[in-house]
Amino acid sequence: MGFGKGCHLHLIDGSAFIFRAYHALPPLTRKSDGLPIGAVSGFCNMLYKYVEGNHGPDAPTHVAVIFDKGSHTFRNDMYDQYKANREAMPEDLRPQIPLTRTATEAFNIACKEKEGYEADDIIATLAVQARAAGGRVTIISSDKDLMQLVGDGVEMLDAMKNARIDRDGVFEKFGVYPDRVVDVQALAGDSVDNVPGAPGIGVKTAALLINEYGDLDALLDRAGEIKQPKRRQTLIDHADQIRLSRDLVQLDENTPLDFTLDDLEVQDAKPDQLMPFLAEMEFRTLTRRIADQLGVEAPEIKEPEAPQDAPEAPGFDDATYEHVENADQLQAWIDLIYERGYVAVDTETTALNEMTADLVGISLAVNAGHACYVPLTHKQGGDDLFGSDDLAEGQMPLETALDMLKPVLEDDSIVKIGQNMKYDAKIFARLGIHVAPIDDTMLLSYALHGGLHNHGMDTLSERYLGHTPIPIKPLLGSGKSAKTFDQVPLEDAVKYAAEDADITLRLWQLLKPQLHRAQVTKVYETLERPMVHTLASMERSGIKVDRDTLSRMSNAFAQKMAGLEDEIYELAGRKFNVGSPKQLGEILFDEMGIEGGKKGKTGAYATGADVLEDLATVHELPARVLDWRQLSKLKSTYTDALQDHINPDTGRVHTSYSIAGASTGRLASTDPNLQNIPIRTEEGRRIREAFVSEPGKTLVALDYSQIELRILAHIAQIPELKQAFDDGIDIHALTASEMFDVPLDEMTPEIRRQAKAINFGVIYGISGFGLARNLRIPRAEAQGFIDRYFERFPGIRTYMDDTKAFAKEHGYVQTLFGRKIHTPEIGSKGPRAGFAARAAINAPIQGTAADVIRRAMIRMPAAIKELPAAMLLQVHDELLFEVDVAAVDDLIGVAKDVMESANDPVVHLDVKLTVDAGQGQNWAEAH
DNA sequence: GACATCACG
DNA sequence: GACGTACGTGATGTCC
């Protein structure tokens with residue numbers, strides 16, 4: 001039947017079905033092989049229910065399920081930030097996408113998509129064609145972007161709520177009728193799709209304006225007539241951006257299609273097509289139900305439970321670890337991997353530093369207890385004390401192995417599982433292999449158990465598998481005679497390396513299914529897993545450090561220290577090791593008889609900076625020691641040590657970030673730590689002059705302004721603080737003004753300083769004692785400040801009490817993004833409880849800030865990919881970039897925007913995030 | 001390897 | 001009434 005009057009076309013938004021199915025269901029897997037099929041299952045159930053419900057007089061005559069195809073559409077060409085905020089697709093959903101197409105076809109329903117277009121465009125085109133032919137259309141979706149199509153026989157149906165949306169329904173949602181929906185969306189923008197719109201204008205205001213002026217063009221032409229000055233200026237300033245937004249939300253009604261409406265005629269399901277598919281997916285209930293309904297026999301679905309088919313996972317004693325020594329054997333493993341769809345991978349290397357380490361061998365595991373090791377560059381042993389450079393027997397050539405594994409490691413449909421995958425990914429990246437997609441057992445554990453224990457393989461294996469891994473120490477030895485892994489005999493290496501892959505696989509099988517129940521799937525997918533490649537790339541970039549600058553500083557420091565040492569010996573009356581706190585304490589308090597020495601728990605005198613600062617008022621020696629210590633610190637930790645970290649190949653310093661090190665979600669930087677480069681003192685700050693850009697490039701530093709206090713203002717709902725941040729008022733001055741009843745214009749630096757200490761104290765779970773010590777004021781006075789603070793900002797007290805209560809009840813606290821930080825000691829008795837309570841108060845604030853910058857970092861590579869720029873470092877609330885001089889402004893524009901909107905769209909903040917920018921030839925200038 | 005100290009946010 | 005006490009990190013040197 002040709003499509004025409006009396007016909008009724010149903011257009012189903014396929015992607016909406018898929019995502020709804022994915023999020024509504026736990027992560028089901030196919031019983032026989034573990035293939036994730038939760039979303040496919042939900043999708044099929046929805047299709048089934050849809051078909052079932054279509055027997056009334058209103059039944060469709062034509063139907064199609066429309067899908068998105070490809071991530072790049074013509075809208076990205078118009079605006080490169082379009083949908084740039086979108087979260088990456090969850091790893092276990094990706095392999096299910098093609099199966100939803102197969103499912104649609106199995107139901108004998110037309111299944112349509114087109115490269116470079118969104119499903120919405122195809123839906124628009126078909127709806128317009130159907131309307132022109134005189135038929136009716138129902139769009140099955142609740143996507144507001146489709147509402148512009150409603151009217152003249154086109155309606156929407158929200159399948160979840162079973163609610164029809166007609167012209168009046170659209171008016172309810174947008175305040176305008178469908179023909180003006182695009183205008184309203186252009187003004188209001190959309191944070192989910194990252195359509196900019198007009199800043200500060202939402203749907204309500206947009207509708208008001210459109211209704212007053214008729215349409216968007218008229219509004220923009222006559223923007224000068226708008227009474228409200230702020231609104232007027234916004235529309236004038238952002239006219240181009242608003243027009244661009246309109247083009248982005250306007251659906252393309254002329255999508256070129258290679259089929260016609262006639263091709264979409266409804267057809268009965270064919271059992272011989274549908275039943276085999278359902279059986280193959282092993283949907284037992286659905287297969288039976290549909291078979292009954294179609295009046296056919298349900299195909300048998302084998303239960304893979306027979307012991308000979310799938311033996312119980314062997315214990316570690318019964319595991320088989322294979323030594324792969326040629327291409328045929330490796331090919332057999334690759335075949336196994338493709339059968340499975342996933343593989344645990346581990347690399348063995350010559351060192352712990354992945355920027356300098358060389359690959360020695362690769363281990364693989366596909367089943368618990370079934371793993372192999374592929375040694376590649378093990379050296380020939382021998383009596384020779386120095387070993388031999390000759391390769392050991394029983395190895396295939398490195399090149400051959402990499403050529404064979406590269407397609408697997410880069411295959412979209414094979415999940416590569418690792419423990420601390422960033423390490424392996426960097427090793428492979430240096431060999432030209434981009435490992436993806438990946439899963440990481442360390443990060444699974446971090447998302448599930450953050451705060452409970454560390455997430456190293458030994459810990460996880462002991463805790464969750466009850467197995468102590470083979471220790472590496474006996475294989476490598478220690479001290480001067482320590483070997484590297486390429487000198488380990490193959491027999492030992494196979495056992496050790498294959499076991500690591502085996503453990504990793506077992507941990508993955510155990511931990512991955514727990515994400516959903518612990519409700520941390522989103523945390524893992526959006527805050528942990530994507531960090532692996534983002535950080536790997538930053539670490540590989542490194543930052544240029546000028547050796548000569550450091551070396552000169554080291555010499556200068558050495559000279560000054562020598563001078564200070566002479567003075568110190570003079571003052572002390574004898575020589576001693578200035579670097580020894582023990583000796584210093586004895587000199588000060590025993591020999592020189594200075595009063596007030598306090599011994600710590602180990603019986604030694606305390607000689608920390610705070611103690612020496614107090615003593616500096618009564619004697620010169622402590623002041624000299626303080627100066628000496630500062631120089632000693634700068635020299636040993638920075639100017640000397642950093643030189644050793646300059647990579648000879650790149651001339652740059654490559655730190656390593658631990659993703660799962662800090663309990664709150666912060667990163668930590670090691671080897672070297674580039675998150676604690678001095679800045680607070682002028683002398684220390686000059687060390688940053690050694691961190692430089694390449695010629696023709698500039699360093700750009702972008703840092704969040706007061707992000708933790710902003711988050712506190714939001715979480716604790718403090719109206720005064722929120723207002724101050726909105727108005728751009730100095731937050732510490734504002735706090736001081738509120739607390740001490742001093743008007744802002746009479747603020748003194750001293751009062752402000754005290755308020756600042758209190759603000760920070762609050763973030764840390766303030767105590768009278770701590771504040772008193774910090775401000776060096778009597779404890780009672782400090783307590784008075786705190787009382788006043790709570791009085792002025794009662795939300796803070798509520799937040800602290802609520803957070804402690806939550807931690808006690810649940811054993812964890814959460815960030816705004818759902819990250820859990822466990823607080824196992826919250827119920828302790830004694831001082832431990834105090835520690836735990838303060839940590840619990842701090843964690844949601846520090847952790848939310850950490851989540852925000854993680855989100856910014858994850859989005860950054862895509863956002864700046866067209867720019868000659870690289871993201872180099874993260875320092876908790878700061879990102880450092882290196883960019884061609886000519887592109888500095890572009891970079892600042894894009895990166896700042898990504899950072900300031902990093903919370904969108906999943907978390908709304910009442911307080912805006914602002915980012916300050918700096919630039920220069922070195923890090924001192926850029927900051 | 002524990003401890004004290006001090007660099008950062 | 002006494003505990004102890006600001007949150008989160010990593011690197012270095014001393015001393016046992």
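A note on names: the letters A, B, ... follow the listed sequences, proteins ahead of strands, and every chain is numbered from 1. Side chains included, hydrogens not; waters and symmetry mates left out as well; all remaining heavy atoms used.
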Expressed in whole Å, how much space separates the P atoms belonging to B:dT5 and C:dC3?
23 Å

I'd like to check the ring-ring contact (aromatic ring centres under 6.0 Å, His included) partners of A:His810; sequence neighbours left out, ordered by chain and number.
A:Phe806, A:Tyr812

Using a cut-off of less than 4.0 Å, is there contact between a side-chain N or O of A:Gln583 and OP1 or OP2 of C:dC15?
yes

Strand contacts (DNA chain C) in residues 832-844 of chain A, 4.0 angstrom heavy-atom criterion:
A:Phe835, A:Arg838, A:Ala839, A:Asn842

How would you label the contact of A:Arg779 with the nucleic acid (heavy atoms, under 4.0 Å): base, sugar-phosphate, or nothing?
base

The side chain of A:Lys582 is closest to which nucleotide in this list: C:dG8, C:dG10, C:dC15?
C:dC15

What is the distance, to the nearest angstrom, from the NE2 atom on A:His876 to the P atom on C:dG10?
9 Å

Of the listed C:dG8, C:dT14, C:dT5, the closest approach to the A:Ser663 side chain comes from C:dG8

With sequence neighbours left out, what residues match A:Arg540 under side chain to side chain donor-acceptor pair (under 3.5 Å)?
none

Which whole-number value in Å describes the distance from A:Tyr764 OH to C:dG4 P?
24 Å

Salt bridge A:Lys560-A:Asp627, side-chain N to carboxylate O under 4.0 Å:
no

ring-ring contact (aromatic ring centres under 6.0 Å, His included) filter on A:Phe576, not counting sequence neighbours, yields none

Positions of residues 617-645 of chain A (non-hydrogen atom under 4.0 Å from DNA chain C), listed by number
A:Lys633, A:Ser636, A:Thr637, A:Ala641

Just the endpoints, please: which first and last nucleotides of DNA chain B, 5' to 3', lie under 4.0 Å from a heavy atom of chain A?
B:dC3 to B:dG9

Nearest to the side chain of A:Ala668, which nucleotide is it out of C:dT5, C:dC15, C:dT9?
C:dT9

For residues 776-785 of chain A, run the donor-acceptor check on the side chains, cut-off 3.5 Å, and write out each pair with its distance to 0.1 Å, sequence neighbours left out.
| residue | atom | partner | partner atom | Å |
| --- | --- | --- | --- | --- |
| A:Arg776 | NH1 | A:Asp614 | OD1 | 2.4 |
| A:Arg776 | NH2 | A:Glu613 | OE1 | 3.2 |
| A:Gln783 | NE2 | A:Asp787 | OD1 | 3.2 |

ring-ring contact (aromatic ring centres under 6.0 Å, His included) involving A:His455 - partner list, sequence neighbours excluded:
A:Tyr446, A:His453

Could you tabulate the donor-acceptor pairs under 3.5 Å formed by side-chain atoms of residues 847-858 of chain A, not counting sequence neighbours?
| residue | atom | partner | partner atom | Å |
| --- | --- | --- | --- | --- |
| A:Thr848 | OG1 | A:Leu816 | N | 3.1 |
| A:Thr848 | OG1 | A:Pro844 | O | 2.6 |
| A:Asp851 | OD1 | A:Arg819 | NE | 2.8 |
| A:Asp851 | OD1 | A:Arg819 | NH2 | 3.1 |
| A:Asp851 | OD2 | A:Thr815 | OG1 | 2.6 |
| A:Arg854 | NE | A:Gly665 | O | 2.9 |
| A:Arg854 | NH1 | A:Leu527 | O | 2.9 |
| A:Arg854 | NH1 | A:Glu528 | OE1 | 2.7 |
| A:Arg854 | NH2 | A:Ile659 | O | 2.9 |
| A:Arg854 | NH2 | A:Gly665 | O | 3.0 |
| A:Arg855 | NE | A:Ala902 | O | 2.6 |
| A:Arg855 | NH1 | A:Glu87 | OE2 | 3.0 |
| A:Arg855 | NH2 | A:Glu87 | OE2 | 3.2 |
| A:Arg855 | NH2 | A:Asp904 | O | 3.0 |

Residues forming a ring-ring contact (aromatic ring centres under 6.0 Å, His included) with A:Phe760, sequence neighbours excluded:
A:His732

Side-chain N,O (A:Ser580) to OP1/OP2 (C:dC15) below 4.0 Å
yes

Do any side-chain nitrogens or oxygens of A:Asn577 fall under 4.0 Å of OP1 or OP2 in C:dT14?
yes

To the nearest Å, how far apart are A:Glu878 CD and C:dT9 P?
20 Å

Of residues 786-803 of chain A, the positions that come close to DNA chain B - non-hydrogen atoms, cut-off under 4.0 Å:
none

By the 4.0 Å heavy-atom rule, please label A:Gly765 as base, sugar-phosphate, or nothing.
nothing

A:Gln874 atom CD is separated from C:dT9 atom P, nearest whole Å, by 14 Å

Pair assignment for DNA chain C - dot-bracket with | for other-strand partners, Watson-Crick or G-U under 3.5 Å:
......|||||||||.

